[in-house]
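Everything numeric here is computed off the predicted structure, so don't read it as measured data.
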Amino acid sequence: MAEIYGQSLARTSFTMVMLGIAGAVALVLGIIGLYGVISYAVSQRRREIGIRLALGAQQVELRRMFVRSGLVLAGIGVGIGLAAAGGLMRLMTSLLFGISPLDPITFAAVPVVLVAAAVLASYVPARRAAAVDPVEALRAE
């Protein structure tokens, strides 16, 4: 009896480990994608950034502008993801032991982690945008 229980639990554990790995890979790919989008926006708006800096814009304002755009993208993704997860969790009830399908701790912690990752992924290009030399940005175009 214990052997059957162990085999059943091993299969479920393997499935959960694989889902965890897939989730981690998805998080990393999401961070890379968001970094790429914000970085591309910074490169496309280099002249605008140079003009803003030449007219007296503060570096903090520029960083906030790009981080805010990254947070908007992340917020839309988190909203869609929470709705999809809420709908699809009913299908995974057989894999959960002692946890409700709509676990409030999970549904609160994951968006916090995703938003923190989005802030990090958009802060790096935002910092680079704020460090642009206005003369170089205007001369390059």
Side-chain angles (χ1 to χ4, degrees), residues 1-55 57-141:
M1 182 71 170
E3 183 179 318
I4 294 172
Y5 180 74
Q7 289 175 349
S8 171
L9 197 56
R11 187 176 308 138
T12 303
S13 296
F14 177 74
T15 303
M16 295 309 289
V17 167
M18 288 293 119
L19 285 173
I21 291 171
V25 168
L27 177 65
V28 169
L29 288 175
I31 290 171
I32 291 169
L34 187 60
Y35 172 81
V37 167
I38 300 298
S39 214
Y40 179 74
V42 166
S43 69
Q44 292 296 309
R45 296 171 68 180
R46 189 174 174 96
R47 183 173 175 90
E48 173 196 344
I49 294 166
I51 292 170
R52 284 178 185 253
L53 285 171
L55 292 175
Q58 299 296 316
Q59 289 184 351
V60 174
E61 293 172 17
L62 286 173
R63 278 194 297 262
R64 276 191 200 132
M65 181 176 68
F66 286 107
V67 170
R68 189 178 310 122
S69 66
L71 285 176
V72 166
L73 291 174
I76 292 169
V78 165
I80 292 170
L82 283 175
L88 294 174
M89 271 319 275
R90 301 287 180 202
L91 299 174
M92 297 185 70
T93 55
S94 64
L95 298 174
L96 303 173
F97 297 105
I99 300 173
S100 74
L102 297 173
D103 182 39
I105 295 173
T106 303
F107 275 78
V110 170
V112 168
V113 170
L114 291 174
V115 168
V119 167
L120 179 67
S122 47
Y123 180 76
V124 174
R127 198 174 109 209
R128 193 169 7 111
V132 167
D133 182 25
V135 175
E136 290 295 321
L138 295 173
R139 188 179 302 161
E141 298 279 332

Shortest non-hydrogen separation from [X] to [Y] and the atoms involved:
X      : Y      : result
Val124 : Tyr35  : CG1-CE1, 3.8 Å
Phe66  : Ala129 : CE1-CB, 3.7 Å
Ala130 : Gln59  : O-NE2, 3.1 Å
Ala118 : Gly70  : CB-O, 4.5 Å
Ala126 : Arg63  : O-CG, 3.5 Å
Pro125 : Val42  : O-CG2, 3.7 Å

Just how far is it from atom [atom1] of [X] to atom [atom2] of [Y], taken to the nearest 0.5 Å?
X     : Y     : atom1 : atom2 : value
Leu27 : Ile31 : CG    : CD1   : 4.0 Å
Ile38 : Ser69 : CD1   : OG    : 3.5 Å
Arg46 : Ile51 : CZ    : CD1   : 13.0 Å

Heavy-atom count check: over 12 atoms from other residues, nucleotides or ligands less than 6.0 Å from [X] [atom1]?
X      : atom1 : result
Ile105 : CD1   : no
Phe107 : CZ    : yes
Arg127 : CZ    : no

Evaluate the side-chain proximity of Arg52 to Met65: yes if any heavy-atom separation is below 4.5 Å, no if none is.
yes
List the steps, then state whether side chain to side chain contact (heavy atoms under 4.5 Å, CB included) holds for Leu62 with Ile49.
CA-CA 8 Å; Leu62 286 173; Ile49 294 166; 3.9 Å; yes
Show, in sequence, the C-alpha distance, side-chain angles and deciding distance for Ile21 and Met18, and conclude whether the side chain to side chain contact (heavy atoms under 4.5 Å, CB included) test is met.
CA-CA 5 Å; Ile21 291 171; Met18 288 293 119; 4.0 Å; yes
